[in-house]
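Nothing fancy with the numbering, it's 1 onward along the sequence. Please read these numbers as outputs of a predicted model, since none were measured by experiment.
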Amino acid sequence: MPIATPEAYAAMLDRAKEGAFAYPAINVTSSQTLHAALRGFAEAESDGIVQVSTGGAEFLSGATVKDMVTGAAAFAAYAREVAKSYPVNVALHTDHCPKDKLDKFVRPLLELSRERVARGEEPLFQSHMWDGSAVPVAENLEIAKELLAKAADAHVILEIEVGVVGGEEDGIVGAIDDKLYTTVEDGLATAEALGTGEHGRYMTALTFGNVHGVYKPGNVKLRPEILKEIQEAVGAKYGKDKPFDLVFHGGSGSLLEEIRAALDYGVVKMNIDTDTQYAFTRGIVDHIFKNYEGVLKIDGEVGDKKVYDPRAYGKSAEASMARRVVEAAEHLRSTGTTMGK
């Protein structure tokens with residue numbers, strides 16, 4: 001199937017909220033990791049989201065080129081072609097973009113989508129994230145309001161973050177303090193500034209103790225009940241049940257019961273990066289350890305071209321990462337929910 005249209009993406013998110021499940025949003029950095037994500041979605045019979053961060057987009061443009069818009073545009077064009085071979089709906093998203101990179105990443109990409117829509121084409125990406133967690137909430141929402149209007153014109157969904165995800169991802173560092181927990185007041189301010197859909201659709205990453213990085217289960221102290229409190233308070237004011245489409249960031253190390261509670265409270269998208277990075281690299285390492293003498297030219301020998309061919313270890317890496325994507329779909333209850341069935 002092709003990349004999801006704006007209408008299909010909206011329907012995906014509606015189905016997720018109604019069914020209390022979420023889509024795995026898999027960060028990718030190459031054609032191989034993209035195929036691993038698509039393969040995992042297809043094997044799980046789950047629609048899904050693939051996304052690139054600012055660093056991922058730079059890498060996709062070439063390690064010495066480092067042009068985020070070039071990398072993101074090239075990725076979107078490639079994904080649009082290869083996704084046709086997989087029997088699931090897939091949305092393209094850009095991940096965390098801080099204030100100092102908006103003019104070099106999200107704003108130019110939104111303009112490209114606006115131009116495409118004006119020509120009768122689909123937007124380049126289906127959603128973009130503005131990460132305003134490093135600025136005061138009032139400024140965060142002021143910028144979000146401006147971006148939401150541009151996103152709506154481009155038929156694109158905006159994702160925002162209100163609160164702070166701790167740890168580090170792609171050079172963005174969040175302190176581990178009381179800002180890890182979004183307040184009811186923050187939620188009300190968000191709805192007042194951006195509306196509840198009438199000014200354009202957006203997703204909200206409300207934080208409840210989330211931390212980016214590598215943690216053993218139980219080491220991250222989550223309080224998913226915060227999501228319930230904010231949804232109820234905002235819903236009561238605006239007469240809507242679960243008014244926010246919520247996003248779960250920093251999920252590594254989360255307990256399954258915490259993930260499932262977040263789904264019940266309106267999470268429709270969960271970012272997965274650390275675990276799939278490991279799964280991909282683990283597949284390569286397994287291949288090298290099993291074929292050590294063939295991969296390396298030891299003691300003047302010639303090695304074995306069949307095992308040091310990048311396609312050989314690339315296939316192992318893709319399969320390993322795809323298995324982790326299938327596991328993510330199971331955790332998020334999205335297995336078997338594709339609209340393509």
Side-chain angles (χ1 to χ4, degrees), residues 4-14 16-17 25 49 51-54 69 72 76 91-118 122-165 172 182 185-207 230-231 234-235 237-240 242-249 266-269 271:
T5 64
E7 294 77 16
Y9 191 25
M12 283 170 56
L13 300 179
D14 289 342
K17 186 182 283 188
I49 299 167
Q51 55 191 27
V52 291
S53 63
T54 55
V69 173
L92 305 181
H93 177 76
T94 61
D95 201 10
H96 294 270
C97 181
K99 182 180 177 181
D100 64 345
K101 294 183 178 180
L102 282 174
D103 288 339
K104 296 179 181 179
F105 194 48
V106 166
R107 288 193 176 107
L109 290 174
L110 280 173
E111 179 59 20
L112 286 176
S113 285
R114 187 196 65 77
E115 293 171 357
R116 288 170 61 94
V117 169
E122 301 293 344
L124 191 63
F125 283 81
Q126 285 65 60
S127 53
H128 294 291
M129 182 188 177
W130 146 235
D131 184 352
S133 60
V135 302
V137 172
E139 183 182 1
N140 181 353
L141 294 176
E142 181 181 354
I143 293 173
K145 187 173 182 179
E146 171 241 324
L147 292 173
L148 182 61
K150 291 182 177 180
D153 284 345
H155 299 180
V156 169
I157 293 173
L158 182 68
E159 180 183 329
I160 66 170
E161 183 173 309
V162 182
V164 176
V165 176
I172 300 172
T182 308
E185 290 72 25
D186 292 336
L188 290 167
T190 299
E192 182 175 353
L194 305 182
T196 57
E198 65 273 20
H199 302 305
R201 188 161 188 167
Y202 63 95
M203 296 181 283
T204 315
L206 302 179
T207 58
I230 295 173
Q231 290 276 44
V234 176
K237 180 173 181 179
Y238 291 91
K240 290 189 174 184
K242 298 178 185 174
F244 290 132
D245 295 332
L246 299 179
V247 181
F248 190 156
H249 287 218
V267 165
V268 296
K269 171 180 180 280
N271 289 11

- prompt: Is any NZ, NE, NH1 or NH2 atom of the basic residue among Glu146 and Arg107 found under 4.0 Å from an Asp or Glu carboxylate oxygen of the other?
  reply: yes

- line: Correct closest heavy-atom pair for Val156 and Phe125 would be CG2-O, 3.4 Å

field: Main-chain N/O of Asn140 paired with Trp130 side-chain donor or acceptor, under 3.5 Å
entry: yes

message: So for atom NZ, which belongs to Lys99, do other residues, nucleotides or ligands contribute more than 12 heavy atoms lying within a distance under 6.0 Å?
response: no

query: Hey, is Arg201 close enough to Asp14 for a salt bridge, meaning N to O under 4.0 Å?
result: yes

- request: Find the distance between CG (Leu194) and OG1 (Thr204) and round it off to the nearest 0.5 Å.
  value: 7.5 Å

task: Indicate yes or no for a side-chain donor-acceptor contact from Thr182 to the backbone of Thr207 under 3.5 Å, with no hydrogens or angles considered.
output: yes

query: Any sub-3.5 Å donor-acceptor pair from Glu198's side-chain atoms to Thr196's backbone N or O?
result: yes

message: What I want to find out is whether Lys145 reaches Glu142 closely enough, with some N-O distance under 4.0 Å, to be called a salt bridge.
response: no

task: Of all the heavy-atom pairs spanning Arg116 and Pro123, show the shortest one and how long it is.
output: NE-C, 3.7 Å

task: Determine whether the side chains of Ser127 and His93 contain a donor N or O and an acceptor N or O closer than 3.5 Å.
output: yes

query: Is Glu159 salt-bridged to Lys269, going by a charged N under 4.0 Å from an acidic O?
result: yes

field: Taking every non-hydrogen atom, the tightest pair across Leu13 and Met203
entry: CD1-SD, 4.1 Å

- line: Across all chains, not counting sequence neighbours, the salt bridge (Lys or Arg N to Asp or Glu O under 4.0 Å) partners of Lys242 are none

field: Nearest-0.5 Å distance, CD1 of residue Ile160 to OG of residue Ser133
entry: 11.0 Å

